[in-house]
Amino acid sequence: MKQLLIILLLSIGWSSVAQESITLEECYHLVTANYPLAKQSKLLDAQNKLDAAVISTSKLPQIYLDAQATYQSDVLQFPLAMSGIEPLNKDQYRATVSVNQLIYNGGATDASLDLKSAQLHTKQKQVEVSLYQLKQQINQLYFSVLLAQESQLLLKAKQEQVEAKLKEVQSGIKYGVMLPTSDRILEAELLKIGQQFQELESNKMSLIETLSSFISKPLTTETLFQSPLLETEFQADLNRPELELFQLKKEEIQNSESLLSKQNAPKLLGFATGGYGNPGLNMLDNSFQTFYTVGVKLNWNVFDWNANKKQRESLLINKDIVDNETEVFKLNTNIELHQQQKEIHKMETFISSDQEIINLRKEVLQSADAQLRNGVITSSAYITELTNLYEDENTLVKHEIQLQLAKANYNVIKGQ
């Protein structure tokens, strides 16, 4: 029973730890799934199904009801030789039901359905592109939080070092080795560190709240933001969703061309009309009658003043526009990649020199520590050297985070 209880407690503890951490990839996934714009993909799909259903009704029988009552100022008159025929009524009544059935329209209905499907894919890809472009904003927020998190750790280490040194100085004052006011400088420094903690915490909270809104996941200042291990491939090809979007736009244009080619095709319809009226089809029978007609009819727009041809020419221009947009996108993307690549190399150079500077600062601080113990320098001089080391270590952390941010942006720009 005790072993079972221990396992249960460990599992609960592990679960709580897992809930308090997050990765950059998780943020990417969450913003893609939870950002309000993501709902548009399903809405577009539902809308397309309705539009397709409407287009498909053209293949079904079309039923029309028509009713009319008229009064004429004059009617057909018969010669005197036919005076035995009853004259027609000036008031006439008719109600009809007509059914039209499309038999052939050159495949225009199927072409319309194909165009709707192509338009759906284009719109959904546009949504995907917009969601993908949020990744750079996620990068900026995530690594800003990571920088605040690492800065807090450095400031904590500085605080512990000052507190330890304060105890040494207070001991030295007690035994008369150091001046009575030597501890005041260290106490003031601790108060200053407290202010820096508050500022860092406030900035971190603001960043976390913004990131939480983007990904629709509750985050707190206690959440651990894991540092990603990023690799970049400088020679890889572009794999951006925008390139797929451009291709889908061209396919949409091709479907539009296909529809235009079928719009002027002859349309063959079958029709049937049944009705009841006075008079009926027999105009000489001046009474209410039932009647019907059946047949086929052909509609063909043989000359449209070159409107169809001009529409096709317009679509060809649209193709050229899409090709031009693709070239511009590739050019701008490659420029951005080159800038990020230079940023990566710059940060790597800075980090190398930062490490050398920190090693030198540590040697200076060790010397200052020994001098403070022997009363050669004041606490103020020691704090100056300690602050110099802290600032240089903070600079190193900042450059390391900027390096990771540059790599993350490079990968997003490239589509890796």
Side-chain angles (χ1 to χ4, degrees), residues 32-33 35-66 97-133 239-273 294-326 329:
T32 302
Y35 196 71
L37 184 63
K39 298 177 182 178
Q40 280 196 16
S41 185
K42 291 183 179 179
L43 294 174
L44 290 169
D45 187 55
Q47 184 184 50
N48 181 74
K49 289 179 180 178
L50 292 173
D51 291 341
V54 171
I55 294 172
S56 297
T57 58
S58 65
K59 295 183 177 181
L60 301 176
Q62 309 297 310
I63 302 174
Y64 305 94
L65 174 64
D66 185 30
V97 175
S98 301
V99 179
N100 292 337
Q101 173 62 58
L102 178 67
I103 299 173
Y104 175 79
N105 67 348
T109 301
D110 292 335
S112 296
L113 290 172
D114 292 339
L115 177 58
K116 277 294 177 183
S117 178
Q119 290 172 341
L120 170 66
H121 294 153
T122 301
K123 291 177 181 178
Q124 288 180 330
K125 183 58 69 172
Q126 182 62 66
V127 172
E128 181 182 336
V129 166
S130 299
L131 290 173
Y132 185 86
Q133 291 172 348
N239 190 29
R240 289 283 293 271
E242 287 88 343
L243 297 177
E244 297 177 23
L245 175 61
F246 293 137
Q247 184 59 37
L248 287 173
K249 284 184 177 180
K250 293 176 71 173
E251 292 177 8
E252 183 181 333
I253 293 172
Q254 290 173 355
N255 280 279
S256 296
E257 290 177 334
S258 177
L259 177 59
L260 281 174
S261 68
K262 294 175 172 57
Q263 279 185 340
N264 284 346
K267 296 178 178 60
L268 183 64
L269 299 95
F271 66 91
T273 301
V294 294
V296 293
K297 58 183 176 181
L298 179 70
N299 292 329
W300 190 2
N301 185 7
V302 286
F303 186 70
D304 64 351
W305 304 97
N306 287 327
N308 193 280
K309 179 182 177 182
K310 292 175 181 178
Q311 286 177 303
R312 292 191 193 184
E313 291 174 353
S314 176
L315 289 175
L316 289 176
I317 294 175
N318 281 343
K319 271 188 178 180
D320 293 337
I321 291 174
V322 173
D323 288 335
N324 180 258
E325 288 176 346
T326 305
F329 173 78

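Keep in mind that the numbers below use all heavy atoms, side chains included, and drop hydrogens, waters and symmetry copies. One is the number of the first residue; the rest follow in order along the sequence.
- For Lys310, there are no salt bridge (charged side-chain N to carboxylate O under 4.0 Å, His left out) partners at least two apart in sequence or on another chain.
- Under the 4.5 Å side-chain criterion, counting only non-hydrogen atoms from C-beta, Ser258 is in contact with Lys262.
- Between the side chains of Glu242 and Gln133, a donor-acceptor pair is found at a separation under 3.5 Å.
- Rounding to the nearest 0.5 Å places NZ of Lys116 at 12.0 Å from OG of Ser56.
- Residues Ala118 and Asn255 share a closest heavy-atom pair of CB-ND2, 3.6 Å.
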Verdict with supporting geometry, His121 and Glu252, side-chain contact (heavy atoms from CB on, under 4.5 Å): CA-CA 9 Å; His121 294 153; Glu252 183 181 333; over 6 Å; no

Working for side-chain contact (heavy atoms from CB on, under 4.5 Å), residues Thr326 and Gln247: CA-CA 9 Å; Thr326 305; Gln247 184 59 37; over 6 Å; no

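- With respect to the salt-bridge test (charged N to carboxylate O, under 4.0 angstrom), the residues Asp45 and Lys49 qualify.
- Under the ring pair (Phe, Tyr, Trp, His ring centres under 6.0 Å) criterion, Phe329 pairs with Phe246, not counting sequence neighbours.
- Contact annotation: the side chain of Gln47 never approaches that of Leu120 to less than 4.5 Å [non-hydrogen atoms, C-beta and beyond].
- Rounding to the nearest 0.5 Å gives a distance of 13.5 Å between NZ of Lys309 and CG of Asn264.
- Comment: Asp323 engages Lys250 in a salt bridge, judged by a side-chain N to carboxylate O separation of less than 4.0 angstrom.
- One finds the CG atom of Leu269 at 6.0 Å from the CG atom of Asn299 (value rounded to the nearest 0.5 Å).
- Residues Gly270 and Ile103 approach most closely at N-CD1, 3.6 Å, considering heavy atoms.
- Rounding to the nearest 0.5 angstrom, the gap separating the NZ atom in Lys249 from the NZ atom in Lys125 is 13.0 Å.
- One finds the OG1 atom of Thr122 at 11.0 Å from the CG atom of Leu44 (value rounded to the nearest 0.5 Å).
- Counting heavy atoms from C-beta outward, Gln62 and Val99 have side chains that stay 4.5 Å or more apart.
- Side-chain contact between Lys59 and Asp110 is present, with heavy atoms from C-beta onward closer than 4.5 Å.
- In this structure, Ser41 contributes its side chain and Ala38 its backbone to no donor-acceptor pair below 3.5 Å.
- Between Val296 and Phe271, the shortest heavy-atom distance links the atoms N-CE2, 3.5 Å.
- Rounding to the nearest 0.5 Å places OG1 of Thr109 at 9.5 Å from CG of Leu259.
- Residues satisfying the salt bridge (charged side-chain N to carboxylate O under 4.0 Å, His left out) criterion with Glu251, sequence neighbours excluded, are absent altogether.
- Atom OH of Tyr132 has more than 12 neighbouring heavy atoms from other residues, nucleotides or ligands inside a 6.0 Å radius.
- In terms of heavy atoms, Asn308 sits closest to Leu260 at ND2-O, 2.8 Å.
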